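Within every chain, numbering begins at 1; the chains are lettered A, B, ... in the order of the sequence lines, protein sequences first and strands thereafter. Quick caveat, the model's predicted, so the values are computed rather than measured.
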2 protein chains.
Amino acid sequence: MKRRPTSIDVAERAGVSQSTVSRALAGSEVITEATRARVLRAAEEIGYFVDERAARLRRGSTGTLAVVVICRPGESAADINPFSYMLLGSVCLAASERGFETLVSFQAREEQFFGHYEERGWADGLVVIGTTTNRAAWDYFRGLEKAERRVVYWGSPFDDLEWVRSDNRAAGRLAVEHLLAQGYRAPCFLGAIDSPQHQFAERYEGYCDAMRAAGLEPCLVPTRDGATREEEGAAAVEAWLDQGGGADAIFAACDAMALGALEALKQRGVAVPGEVGVAGFDDLPAARFAQPTLTTIAPDPAAAGSLLVDALFNAGDDAPLRRVPVSLTVRGSTAR
Amino acid sequence: MKRRPTSIDVAERAGVSQSTVSRALAGSEVITEATRARVLRAAEEIGYFVDERAARLRRGSTGTLAVVVICRPGESAADINPFSYMLLGSVCLAASERGFETLVSFQAREEQFFGHYEERGWADGLVVIGTTTNRAAWDYFRGLEKAERRVVYWGSPFDDLEWVRSDNRAAGRLAVEHLLAQGYRAPCFLGAIDSPQHQFAERYEGYCDAMRAAGLEPCLVPTRDGATREEEGAAAVEAWLDQGGGADAIFAACDAMALGALEALKQRGVAVPGEVGVAGFDDLPAARFAQPTLTTIAPDPAAAGSLLVDALFNAGDDAPLRRVPVSLTVRGSTAR
DNA sequence: CTGAAAGCGCTTACAG
DNA sequence: CTGAAAGCGCTTACAG
């Protein structure tokens with residue numbers, strides 16, 4: 001047989017109807033085990049596989065999940081954020097565990113933006129992994145009418161989109177509790193709380209909660225827009241030192257800022273972790289290699305994938321979990 | 001209109017036949033511009049998108065490329081090799097540039113192995129990104145009859161499978177030329193040349209070529225199987241030092257071995273890059289953070305994706321390019 | 001428990 | 001340049 005075998009070929013060989021082949025292969029309860037065995041054998045013998053194009057057309061659903069990773073224009077595969085890759089892997093793994101295939105797309109430029117996977121019969125739902133920095137992408141995806149579309153976002157700056165996020169408040173609390181346990185007396189928060197990156201503000205809130213719970217006054221070292229997060233962190237720390245400092249520990253809104261802070265402190269001859277402790281958020285690969293190595297808090301990537309996929313398909317449930325648990329990794333920058 | 005609009009709905013609204021809608025939307029040359037404009041407008045107005053399930057069923061092809069990333073059993077998203085992720089991104093980007101969607105799957109355990117994407121009508125071809133270490137996966141994929149299947153492999157230990165690889169010989173030559181240019185006089189090769197990781201032997205051959213071209217005698221410091229590549233590298237360097245050393249530079253078959261070598265040299269008080277220069281292959285993230293930072297050679301990830309996709313669809317062409325160009329990154333470990 | 005028949009929504013020869 | 005008709009290969013009511 002030269003052409004691709006069809007279910008009719010299997011039916012003939014097994015001596016049953018096409019309907020029976022379909023039911024047997026789909027695992028229908030109604031089929032006799034003897035019949036099923038005959039069908040499976042015939043299918044195996046002629047190398048038959050169900051053609052999913054036809055099956056999906058008839059069935060209506062696709063068994064596929066689309067995943068869009070938003071990048072910055074001009075970024076090559078090597079430039080893409082390692083955390084985005086991890087999240088992608090995590091979503092694919094979670095989808096696979098639930099029996100879904102994953103259609104993956106990296107989107108950077110305006111002309112590439114595309115979210116109509118359901119309309120095209122490509123997928124039953126969409127997970128968007130974003131970085132706040134590509135504003136045009138967020139505008140595009142926000143513009144997709146939500147009605148009749150299953151979609152969930154990671155990293156959305158918009159609260160009105162269906163999102164899954166790190167438990168940022170817990171992160172803020174964890175940081176403070178750790179710093180106090182290490183003997184620091186006055187941890188400050190380094191970051192911008194009015195940033196479109198709303199999650200920074202959430203971390204700040206958690207920080208404030210824990211400070212007040214410990215009877216301490218929150219203290220904000222504000223950053224301002226810079227070319228990179230590192231520079232923002234470094235500049236803010238320098239300004240803070242110029243004003244006389246005052247805190248003995250820093251919880252930075254993200255690792256990149258924390259790394260910048262580390263750099264600035266080193267420049268100014270402030271000992272870390274001796275005089276000042278530093279903690280960040282993200283667990284970037286660079287955190288492991290900084291000098292001193294950087295204490296940090298990060299979401300569990302495996303949990304992130306599961307929550308994203310579950311949020312997509314349990315949207316009807318009351319209170320689907322949307323906060324990814326975070327955990328603390330203690331390293332040199334707070335080890336005194 | 002509550003139900004999903006079809007091409008018949010568009011036809012009615014534009015006052016043309018279903019055939020014309022199909023042709024207009026597919027960009028057929030034969031359609032009048034005026035007609036096409038009417039059709040496009042009607043489609044836009046009712047929010048119509050071509051149902052790809054039906055289109056593909058009728059057309060026969062899928063416009064999709066399957067990508068399988070082989071992992072190790074038990075690996076979570078966070079454990080997967082960053083280079084595999086980069087390669088995945090690179091393949092997706094290259095596929096997208098050529099108008100293909102990408103169906104991505106991470107496969108680790110024996111029960112999960114699956115390569116019948118074409119038979120299922122899921123894809124027109126398959127790219128497998130492997131790591132030599134998952135032998136069971138290679139056995140599975142090697143077992144898929146090659147006939148009638150479009151498939152190309154990265155990292156295959158088997159030469160009889162359709163592969164794309166780094167230009168390993170060029171890497172060996174580059175390493176030697178760089179080391180000699182830095183004033184080293186006797187570079188040796190650190191690695192196992194009979195490893196199932198055939199690419200190590202290729203790097204050794206390139207090394208030998210360049211050594212002989214410079215009138216020097218190749219010198220192999222052999223590694224033996226260890227728990228990790230780092231340990232293999234460290235153990236081999238220690239054994240070599242015990243025997244009196246003799247070389248003044250090391251080109252290691254991979255960065256992990258080079259990092260182990262760096263560690264062993266530090267233990268023994270041998271100065272790098274002063275007394276001995278060290279270069280590796282891969283450009284692992286850790287190479288940037290080693291002490292001293294590690295000079296290394298690596299394939300261009302963007303090129304890798306392009307070559308993989310092209311190898312898939314130009315299999316008929318004579319001499320498709322299958323060697324990914326490599327480049328040298330000079331860092332501290334050879335900077336003297 | 002199994003079969004005959006309809007139909008999912010397209011694309012593409014075949015006519016004109 | 002456009003239309004009427006067939007058919008891609010399944011799944012699923014509907015009968016029996």
Side-chain angles (χ1 to χ4, degrees), chain A residues 1-40 42-43 46-64 116-124, chain B residues 1-40 42-43 46-64 116-124:
Chain A
M1 176 174 327
K2 195 66 210 153
R3 82 191 147 68
R4 156 204 248 282
T6 71
S7 62
I8 294 183
D9 299 322
V10 178
E12 275 173 8
R13 183 171 255 265
V16 297
S17 73
Q18 198 187 12
S19 327
T20 298
V21 170
S22 176
R23 295 193 188 100
L25 262 35
S28 161
E29 294 285 311
V30 94
I31 297 288
T32 304
E33 275 316 312
T35 308
R36 189 194 310 283
R38 274 224 310 292
V39 170
L40 287 174
I46 64 176
Y48 171 77
F49 289 84
V50 172
D51 185 327
E52 285 293 324
R53 290 169 294 205
R56 291 167 172 198
L57 175 58
R58 186 50 239 253
R59 203 186 292 121
S61 66
T62 70
T64 299
H116 299 279
Y117 291 91
E118 285 185 66
E119 291 90 325
R120 287 218 128 189
W122 264 331
D124 299 335
Chain B
M1 174 177 324
K2 196 65 212 150
R3 83 191 146 71
R4 156 202 249 282
T6 71
S7 61
I8 294 183
D9 299 322
V10 178
E12 277 173 7
R13 183 172 253 265
V16 297
S17 74
Q18 197 187 15
S19 325
T20 299
V21 170
S22 176
R23 295 194 189 101
L25 263 36
S28 162
E29 295 284 313
V30 93
I31 296 289
T32 305
E33 275 316 312
T35 309
R36 189 195 310 282
R38 275 223 310 295
V39 170
L40 287 174
I46 63 176
Y48 170 77
F49 288 84
V50 172
D51 186 326
E52 285 292 324
R53 290 169 295 205
R56 292 168 171 197
L57 173 58
R58 186 48 237 254
R59 204 186 292 122
S61 66
T62 70
T64 299
H116 298 279
Y117 291 90
E118 285 186 66
E119 291 91 324
R120 287 218 128 190
W122 265 329
D124 300 334

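Between Ser7(A) and Gln18(A) the shortest heavy-atom distance is OG-NE2, 3.0 Å.
Residue-to-nucleotide proximity on DNA chain D shows that, of Arg59(A) and Ala54(A), the 5′-proximal contact is made by Ala54(A). Residue-to-nucleotide proximity on DNA chain D shows that, of Leu57(B) and Ser17(B), the 5′-proximal contact is made by Ser17(B).
Of all nucleotides listed (dT11(C), dG3(D), dC1(D)), dC1(D) comes nearest to the side chain of Thr32(B). For Val50(B), taking side-chain heavy atoms from C-beta onward, the closest of the listed nucleotides dC10(C), dG3(D), dC10(D) is dC10(C).
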query: Between Arg56(B) and Thr64(B), does a side chain to side chain donor-acceptor pair (under 3.5 Å) hold up when you go through it step by step?
result: CA-CA 10 Å; Arg56(B) 292 168 171 197; Thr64(B) 299; 3.0 Å; yes
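Computed from coordinates, the Glu52(B) CD to dC10(C) C1' distance equals 10 Å when rounded to whole Å. In this structure, Ile8(B) atom CD1 and dG9(C) atom P are separated by 9 Å, rounded to whole Å. Atom pair Glu29(A):CD and dC1(C):C1' shows a separation of 13 Å (rounding to whole Å applied). Between Arg38(A) atom CZ and dC1(C) atom P the separation is 15 Å, expressed in whole Å. Rounded to an integer number of Å, the gap from CD of Gln18(A) to P of dA6(C) is 14 Å. Rounded to a whole Å, the CG atom of Asp51(B) is 14 Å from the C1' atom of dG7(C). In this entry the distance linking CZ of Arg58(B) with C1' of dG7(C) reads 16 Å, nearest Å. Arg56(B) has its CZ atom 14 Å from the C1' atom of dC8(D), to the nearest Å.
The partner of dA4(D) cannot be assigned: no Watson-Crick or G-U wobble pair with both contacts below 3.5 Å exists in any strand. Under the Watson-Crick or G-U wobble criterion, with both distances below 3.5 Å, dA13(D) has no partner in any strand shown.
Residue Arg23(A) places a side-chain atom within donor-acceptor reach of the base of dG3(C), judged by atom type and a 3.5 Å distance cut-off alone.
For dT11(D), the OP1/OP2 oxygens have a side-chain nitrogen or oxygen of Ser22(A) closer than 4.0 Å. Remark: Ser7(A) is not in phosphate contact with dG9(D), judged by side-chain N or O atoms under 4.0 Å from OP1 or OP2. Remark: Thr20(B) is in phosphate contact with dG3(D), judged by side-chain N or O atoms under 4.0 Å from OP1 or OP2. At dT2(C), one or more side-chain N or O atoms of Thr35(A) fall inside 4.0 Å of OP1 or OP2 (strictly under the cut-off).
A donor-acceptor contact shorter than 3.5 Å is absent between the side chain of Arg23(A) and the backbone of Arg36(A).
A side-chain N or O of Ser17(B) and one of Thr20(B) form a donor-acceptor pair less than 3.5 Å apart.
Rounding to the nearest 0.5 angstrom, the gap separating the CZ atom in Arg120(B) from the OH atom in Tyr48(A) is 8.5 Å.
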